[in-house]
Amino acid sequence: MNSTAFTPPTCHRPRVAVIGAGRVGSTLAQRIIEKNLADVVLLDVVEGWPQGIALDLMEARGVERHDRAIVGTNDYADTANADVVVVTAGRPRRPGMNRDDLIVTNAQIVAGATEQAIARSPNAIVLVVTNPLDVMTYVAWEKSGLPARRVVGMAGVLDAARFKTFISMELGVSIREIDAMVLGDHGQLMVPLPRYCTVNGIPLTELMDDRAIDRLVERTRHGGTEIVELMKTASAYFAPASAACAMVEAILRDESRILPGAAYLEGEYGLNDLFLGVPCQLGCRGVEKIVELQLDSAEREAFEASAKSVAARIHKAKELLSDKI
């Protein structure tokens with residue numbers, strides 16, 4: 001008889017730290033646990049708020065029938081050993097504001113949150129959701145000290161989802177049939193690419209005339225603003241949470257999905273030292289590859305204008321915050 005003691009295998013339960021328990025953060029936490037992707041630690045500076053949300057979501061488990069845990073906290077120590085850190089903390093937009101109005105305030109919030117979270121989870125992938133997205137992703141990368149491929153911003157998945165929604169509404173077809181691609185910054189200079197949009201493999205340009213396409217492109221560029229103006233005192237959160245969840249899922253399940261995200265460019269598309277929306281192959285190591293699409297002259301011009309705008313805002317943020325973060 002073999003007397004060797006049995007040693008049970010080491011079990012790893014995936015863990016996601018969501019920094020910021022506002023509408024995006026709390027909805028993202030719900031998405032993650034109800035899709036059975038990971039346990040979640042939901043952190044916020046407001047005492048009692050994340051704890052209440054966590055308890056509410058725990059009580060929903062009896063209906064949703066999953067066993068994922070969610071903990072609400074005000075202490076970064078509780079976020080330790082996360083596989084993914086999602087930064088949603090920051091001020092939301094209000095009517096009349098654009099994303100750039102949030103640079104100074106949100107950069108300080110994102111810098112502090114990233115620093116404290118990565119101190120407890122040095123092996124994590126960082127996903128940034130806070131606006132202005134491209135600039136905040138750069139700030140998070142600088143403060144994290146991580147390799148650039150382990151930091152990515154959520155924007156293109158959301159922008160492409162909006163583009164797909166408007167195409168579906170216009171054509172009256174199932175959104176499941178639609179694929180779309182949006183490059184550039186998460187703002188009014190984003191670059192939806194109709195040439196790379198298809199409906200069950202059929203190019204969008206064969207189903208819709210140029211005038212209709214241009215109208216949907218413009219609506220996509222202003223998709224977030226449209227919601228802010230309707231809601232008055234809040235901004236979008238359901239779709240941003242779903243977009244962030246898709247990226248978290250690709251990372252945790254090592255899916256190597258090609259998704260548009262704000263990635264650090266080191267010569268790709270002829271650009272350097274900025275985070276900008278491009279197709280990324282996303283898996284457990286973060287951004288595994290950046291896909292370089294062939295752009296025509298008009299697309300290239302729009303993409304470079306978007307990059308120039310982001311680079312200027314990053315430079316502005318560095319100047320304004322050099323003595324603060």
Side-chain angles (χ1 to χ4, degrees), residues 16-35 37-38 40 42 84-90 92-93 99 106 110 125-137 140 151-169 175-176 178-187 190-193 196-197 216 219-228 231 234-253 255-263 275-283 286-287 291:
V16 175
V18 178
I19 312 301
R23 290 178 172 177
V24 174
S26 57
T27 305
L28 173 59
Q30 179 185 18
R31 296 270 195 270
I32 291 170
I33 60 173
E34 291 183 357
K35 291 189 75 171
L37 293 176
V40 171
L42 183 62
V84 181
V85 170
V86 186
V87 182
T88 74
R93 281 196 294 165
R99 294 177 177 90
N106 283 355
V110 168
I125 306 296
V126 176
L127 174 61
V128 180
V129 180
T130 307
N131 278 318
L133 189 282
D134 311 273
V135 180
M136 294 304 103
T137 307
V151 180
V152 63
M154 184 288 298
V157 175
L158 171 60
D159 296 329
R162 287 174 171 159
F163 197 18
K164 287 190 283 187
T165 296
F166 302 145
I167 292 168
S168 172
M169 293 164 63
I175 201 164
R176 291 176 296 177
I178 302 170
D179 287 311
M181 181 59 65
V182 178
L183 305 185
D185 81 318
H186 183 49
M190 71 177 69
V191 188
L193 296 176
Y196 286 95
C197 296
L216 299 189
R219 189 175 184 189
T220 301
R221 286 179 175 143
H222 298 275
T225 300
E226 183 177 357
I227 291 173
V228 170
M231 297 178 73
S235 55
Y237 57 97
F238 288 121
S242 290
C245 188
M247 298 180 78
V248 170
E249 183 173 14
I251 293 166
L252 292 178
R253 294 184 171 169
E255 293 179 332
S256 292
R257 289 190 65 190
I258 295 178
L259 298 170
F275 280 82
L276 194 63
V278 291
C280 304
Q281 186 173 318
L282 199 61
V287 178
V291 179

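Computed from a predicted model, the values in this text were never measured in an experiment. Note: hydrogens, waters and symmetry copies are ignored here, and every other heavy atom, side chains too, is used.
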Peer 1: Check whether any side-chain heavy atom of F163 sits under 4.5 Å from a side-chain heavy atom of M190, and report yes or no.
Peer 2: no

Peer 1: Can you tell me how far apart CZ (R162) and CZ (R219) are? Round to the nearest 0.5 Å.
Peer 2: 10.5 Å

Peer 1: At their closest point, which heavy atom of I125 faces which heavy atom of G286, and how far apart are they?
Peer 2: CD1-N, 3.7 Å

Peer 1: Which of these passes side-chain contact (heavy atoms from CB on, under 4.5 Å) with V40: I32, V248, V84, L28?
Peer 2: I32

Peer 1: For the pair V126 and V152, evaluate side chain to side chain contact (heavy atoms under 4.5 Å, CB included) and give the outcome as yes or no after the intermediate values.
Peer 2: CA-CA 6 Å; V126 176; V152 63; over 6 Å; no

Peer 1: Does D185 reach the side chain of L276, with side-chain heavy atoms less than 4.5 Å apart?
Peer 2: yes

Peer 1: Which heavy atom of A262 sits nearest a heavy atom of D134, and at what distance?
Peer 2: CB-OD1, 4.0 Å

Peer 1: Under the criterion side chain to side chain donor-acceptor pair (under 3.5 Å), I'd like the reasoning laid out for D159 against H186: C-alpha separation, chi angles, the key distance, then a yes or no.
Peer 2: CA-CA 8 Å; D159 296 329; H186 183 49; 3.0 Å; yes

Peer 1: At what distance, to the nearest 0.5 angstrom, does OG1 of T220 lie from CD1 of I167?
Peer 2: 7.0 Å

Peer 1: With the side chain counted from C-beta on, respond yes when L37 and R31 share a heavy-atom pair under 4.5 Å apart, and no when they do not.
Peer 2: no

Peer 1: Measure from the side-chain N and O atoms of T130 to the backbone N and O of A89, and report whether any donor-acceptor pair falls under 3.5 Å.
Peer 2: yes

Peer 1: Of the non-hydrogen atoms in L183 and P279, which two are nearest, and what is the gap between them?
Peer 2: CD2-CD, 3.5 Å

Peer 1: Looking at CE of M247 and SG of C280, how far apart are the two atoms once the value is rounded to the nearest 0.5 Å?
Peer 2: 6.5 Å

Peer 1: Shortest non-hydrogen contact from V16 to A38?
Peer 2: CG2-CB, 3.8 Å

Peer 1: May I have the step-by-step check of side chain to side chain contact (heavy atoms under 4.5 Å, CB included) for L282 and V287, ending in yes or no?
Peer 2: CA-CA 5 Å; L282 199 61; V287 178; 4.2 Å; yes

Peer 1: Rounded to the nearest 0.5 Å, how far apart are CD of Q30 and CZ of F238?
Peer 2: 8.0 Å

Peer 1: Hey, could you give me the OG1/CD1 distance between T165 and I175, rounded to the nearest 0.5 Å?
Peer 2: 3.5 Å

Peer 1: Restricting to non-hydrogen atoms, name the atom on L42 and the atom on G25 that form the minimum distance, rounded to 0.1 Å.
Peer 2: CD1-O, 3.9 Å

Peer 1: Quick one: pull up NZ in K35 and OG in S242 and give me the separation to the nearest 0.5 Å.
Peer 2: 8.0 Å

Peer 1: Minimum heavy-atom separation for A140 to V110, with atom names?
Peer 2: CB-CG1, 4.0 Å

Peer 1: Can you spot which of V129, V128, N131, V87 makes a side-chain contact (heavy atoms from CB on, under 4.5 Å) with M136?
Peer 2: V128

